[in-house]
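Single-structure report; data block below.
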Amino acid sequence: MLATEAPIARVYGEPLTAVPEDLFIPPEALRVFLETFEGPFDLLWYLIQKNRLDVRDIPVARLTEQYLAYVEAMRRFDLDLAADYLLMAATLLEIKSRSLLPRVPLVLQEDEGDDPRAELMRRLLEYERIKRAARLLGEHPRAGRDFLWAGPIEWGHTPQRPQPEASLDRLIEAWTGILQRLRLERRHEVAAEAISVREAMSRVLRRLHHAAGALAFATLIEPEQGRLGVAVTFVAVLELCKERALHLEQHEPFAPLWVRPAEAAPETEPLALEP
Amino acid sequence: MTTGPFSTKRIVEAALLAADEPLTLDVLRRLFEPDPGADILASVLAELQQEWSGKAVELVCTASGWRFRTRSAIQPWLDRLRAQRAPTYSRAVWETLAVIAYRQPVTRGDIEAIRGVTVSTQVLRTLEGRGWIEVVGHRDGPGRPALYATTQRFLDDLGLRHVTELPPLAELEAMLEPLQEVHDKDEDEDQGN
Amino acid sequence: MTTGPFSTKRIVEAALLAADEPLTLDVLRRLFEPDPGADILASVLAELQQEWSGKAVELVCTASGWRFRTRSAIQPWLDRLRAQRAPTYSRAVWETLAVIAYRQPVTRGDIEAIRGVTVSTQVLRTLEGRGWIEVVGHRDGPGRPALYATTQRFLDDLGLRHVTELPPLAELEAMLEPLQEVHDKDEDEDQGN
């Protein structure tokens, strides 16, 4: 079926069972062998399997002896011996020493959960389950190695680009964010101007823009807006004047007021032509 | 040429469907050992084209090679597919739009002064392209900067009749504190989009 | 439901091939107006699966939705077009992934307790970089350690719909009884690192 991930070396086998006493093992092979263990549980499980020990009734003394021999071998090869291995050695020695002590009939402390061997067995089995699951995961067909996703194939037409949605909430959120910043950072007062003036300013400019020339002020007034409309439009024009967005012209007192867009102001053009 | 349980045709088809670029005849030949030759493959491709002729996807040969592509007749359905993932505008876009909406008409310099950061041309182009803002004039002064205002379309898209229907500033000021929380919440939700 | 010159089936097929991500039943329903309903689409998908059963490409449903994929049996042919092989991962990576997949959500400490060794940051980064695991929260306690879980992408990449579809963990009893056989089998397969 599927190939397992590339092996680093084939060193498992009978000659290695007697490690580390067997002097005939090439040192490099032994090293590679020892390096294949993922940790103390991996090594312990190997020893238990190799010695056909029953994991439910581990002969701790024997197992500890062998484990320590391997750890010693690892030290000899100056492998980066993780503290994890030493911790396990200590645990095994503790279990061994306890098992050598005469049993004290202290019923209260001799329950299942307190048996260090049971705990070791539980953890060994849990690791072994995960180890097997890991192997199954590694072999499971996966995208990019064992199969490829089909598509996306090309579209026969240029897709319409969808537009982000218009959102009043987003707009208000953005504006309050700005106001918040201004208040916190700059202590700069943003005048709560009547929006109608600003809006009238835009309307006036837009009218001028489309007229592409001067307009009589009276034509900017929208009669249906009443006196307030006149006032707002007038203030807007004055504001635009102040902002130099337009020019106001009146050739004599009480003559019609002419509003001229700034870009069409005749005096600006010769200026623009000067080098 | 062994192809296991699948015919040459099926393997060519699968390779074309899985490829992220068009495959030339020469590349397709590399799928097989030994090489079936150009003639065999050409007839396999012709057969495939025939097989797919009734489908909404067609097999075409372009300058860069063979590829499957959707027929333009299914544009309305595919466009709905894309429309389902509506993009969003960046914070910069919304803030620029907010400044223009509430302070119009404004120059780019005004927007920058209020936002405290440079406004990129891209942001203004995005909003103009969407038809939400337009240049309504120019302010006198160095460079005669353009004055931006929001458009009727902007109001239409937001479902407003008039700019005055935007929530008033004073009200917004009063809402600042609670809004901050709403804002944070929104940001969180955005992550999921 | 008008589908022009093409049947619903043909449009679903084209949409699945044209999409750059798996499509859920809900997304597929929104391709059509009016909505054909879940039942109709489910049977269309079943028909498509049937239609494609003789091809080297199959229609599958993963955690993220429906998608076409090439069959594993033709990977040897497709591999010939590939410049580089798929990455391989060490045993440490697979074991860490297995702990996360089967015991999620877990902290690094949990992983170390089960594996009996320190988990290197590199291993976690590899898995995060691949998009297979992610931090889904933090456990209360000293240092508030990150809790890892597998992602939808992990399931997608394995072609699974749900974590429950992962290969089942070996029964404890099964591991205890035939000690010797298991052992011999292990040795053969254990070469992989």
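In this text, all values refer to a predicted model and were calculated from it rather than measured experimentally. Each chain gets a letter, A, B and so on, in the order its sequence line appears, and its residues count up from 1.
- Within the 4.5 angstrom heavy-atom criterion, atoms from both the backbone and the side chain of V99(C) approach chain A.
- F33(A) and Y70(A) have tilted rings, their planes meeting at an angle from 30° to 60° on a 0 to 90° scale.
- No part of V93(C) comes within reach of chain A, as not one of its non-hydrogen atoms sits under 4.5 angstrom from that chain.
- Taking chain A as the reference chain and counting heavy-atom pairs below 4.5 Å, the highest number among G159(C), A86(C), A14(C), A18(C) is found for A18(C).
- Looking at R103(C), only its side chain comes within 4.5 Å of chain A, counting heavy atoms on both sides.
- For A19(C), the part lying near chain A is the backbone, with the side chain staying farther off; criterion is any non-hydrogen pair under 4.5 Å.
- Side-chain atoms of R123(A) and T91(A), non-hydrogen and from C-beta on, never get closer than 4.5 Å to each other.
- Across all their heavy atoms, P141(A) and S72(C) have their closest contact at CB-OG, 4.0 Å.
- Aromatic ring orientation, W149(A) versus F147(A): perpendicular (interplanar angle above 60°, classes split at 30° and 60°).
- Ring-plane geometry between W52(C) and F68(C) is classed as tilted, the angle between the planes lying from 30 to 60 degrees on a 0 to 90 degree scale.
- Using a 4.5 Å cut-off between heavy atoms, I114(C) contacts chain A through both its backbone and its side chain.
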